[in-house]
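Step one of this worksheet: look at the structure below.
Residue numbers start at 1 and run along the sequence shown. Worth knowing before you read on, the calculation uses all heavy atoms, side chains too, and leaves out hydrogens, waters and symmetry mates.
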Amino acid sequence: MHSLSRRLVPGAKAGFTCRPLAVPRSRASFSTSHTLCAQNQLFSPVRNLDQFHTYQLLSSSSRTPLITLWTTNWCSTCRVVTPLLVELIQSGVGEAEGGVGFCTVEYDAPDVMTAGLGLTYMINSIPTLLSFDAQEAQVETKVADGKKLSDRRFLEEWIRNEARRHGDRGGGGGPGGNPLKVFGALFGKS
């Protein structure tokens, strides 16, 4: 009835497998390309509004969340957190859940300050970790606590949760979540 094929992204880590792709044999497919596993992407630091919007569009078009770390050049905590996040993302944390894009936003860059990006996204503490999914800021998962941002285990789990969004805008949650429970709770049913 269905054939299953497994595909790996070139350069994927050994032992890393993608979800099976079901292809019906009896019907013609509208798309000739198969969905591949998403790899994490690292972008250069944002210093102007055009770069920021470009990264948002690239992330949105690949249905991967864009994780941003808002920093300044005078922030000592940022010098600890940035390399830790880069290391985690380069090592593949979140790829099994769908992948993420990552960039730092230089909050004190003149063009970023002039554009008012920090005010737009309610950045009131440096460093701040903020995820964008389908170009929308996920303020409910924003992290500005320096201790949490320096905690490797916390960051690994946070990245995985954000990667689970896949452009669906909702909370990353865990596997097996039931959206009907949310709606049932809203309408008095459990």
If you measure from the Lys or Arg side-chain nitrogens to the Asp or Glu carboxylate oxygens, is any gap between Glu156 and Arg152 under 4.0 Å? yes
Which heavy atom in Phe43 sits nearest to a heavy atom in Cys103, and how many Å separate them? CB-CB, 3.9 Å
Would you say Thr82's side chain and Arg79's backbone share a donor-acceptor pair under 3.5 angstrom? no
If we only count heavy atoms from C-beta on, is the Phe102 to Gln41 side-chain gap below 4.5 Å? no
Minimum heavy-atom separation for Tyr121 to Gln56, with atom names? OH-NE2, 3.9 Å
Evaluate the side-chain proximity of Thr128 to Val143: yes if any heavy-atom separation is below 4.5 Å, no if none is. no
Ignoring hydrogens and geometry, is there a side-chain-to-backbone donor-acceptor pair from Gln51 to Arg47 under 3.5 Å? yes
Whether the side chain of Ser59 engages the backbone of Tyr55 through a donor-acceptor N/O pair (distance < 3.5 Å, no angle test) should be reported. no
Working for salt bridge (charged side-chain N to carboxylate O under 4.0 Å, His left out), residues Arg165 and Glu140: CA-CA 13 Å; Arg165 291 181 188 274; Glu140 68 277 358; 3.8 Å; yes
N/O donor-acceptor pair under 3.5 Å between Asp108 side chain and Asn73 backbone: yes
Taking all heavy atoms of Leu84 and all of Ser150, pick out the closest pair and write down the distance. CD2-O, 3.8 Å
Is there a side chain to side chain contact (heavy atoms under 4.5 Å, CB included) between Glu106 and Val46? Walk through the geometry before answering. CA-CA 6 Å; Glu106 294 183 2; Val46 171; over 6 Å; no
Of Leu129, Ile67, Val93, which is the lone residue that meets side chain to side chain contact (heavy atoms under 4.5 Å, CB included) with Leu155? Leu129
Are Ile159 and Val100 packed together at the side-chain level, in the sense that at least one heavy-atom pair is separated by less than 4.5 angstrom? yes
Would a 4.5 Å heavy-atom cut-off, applied to side chains only, mark Asn48 and Val112 as touching? no
Approximate separation, where rounding is to 0.5 Å, of Thr72 OG1 and Met113 CE: 10.0 Å
Taking Val80 as the starting point, is it possible to reach Val105 by hopping between hydrophobic residues whose side chains are less than 4.5 Å apart? no
Tell me whether the rings of Phe52 and Phe132 are parallel (<30°), tilted (30 to 60°) or perpendicular (>60°). perpendicular
Leu66, Val86: one ILVMFWY side-chain cluster at the under-4.5 Å cut-off? no
Check against side chain to side chain contact (heavy atoms under 4.5 Å, CB included), Val81 and Leu69: CA-CA 9 Å; Val81 174; Leu69 178 66; 3.9 Å; yes
Mind checking whether Tyr107 and Leu149 sit in one hydrophobic cluster, side chains of I, L, V, M, F, W, Y counted as touching below 4.5 Å? no
Glu95 side chain to Asn40 backbone, donor-acceptor under 3.5 Å: yes
Against Thr104, only a single residue in Pro127, Pro45, Ser44 fulfils side chain to side chain contact (heavy atoms under 4.5 Å, CB included); can you say which? Pro45
Shortest non-hydrogen pair, Ile126 vs Cys78, comes out as CG2-SG, 3.7 Å
Looking at Thr141, is its backbone amide N or carbonyl O close enough to the side chain of Trp158 to form a donor-acceptor pair, meaning the two atoms are under 3.5 Å apart? yes
Rounded to the nearest 0.5 Å, what separation is found between the CZ atom of Arg164 and the CD atom of Glu97? 5.0 Å
Atom pair CZ/CG of Arg63 and Asp133 - distance to nearest 0.5 Å: 8.5 Å
If you take all heavy atoms of Lys142 and Met122, which pair is closest and at what distance? NZ-O, 2.6 Å
Closest heavy-atom pair and its distance - Leu57, Gln135: CD2-NE2, 2.6 Å
Given Ser131, which of Glu136, Glu162, Gln138 fulfils the side chain to side chain donor-acceptor pair (under 3.5 Å) condition? Glu162
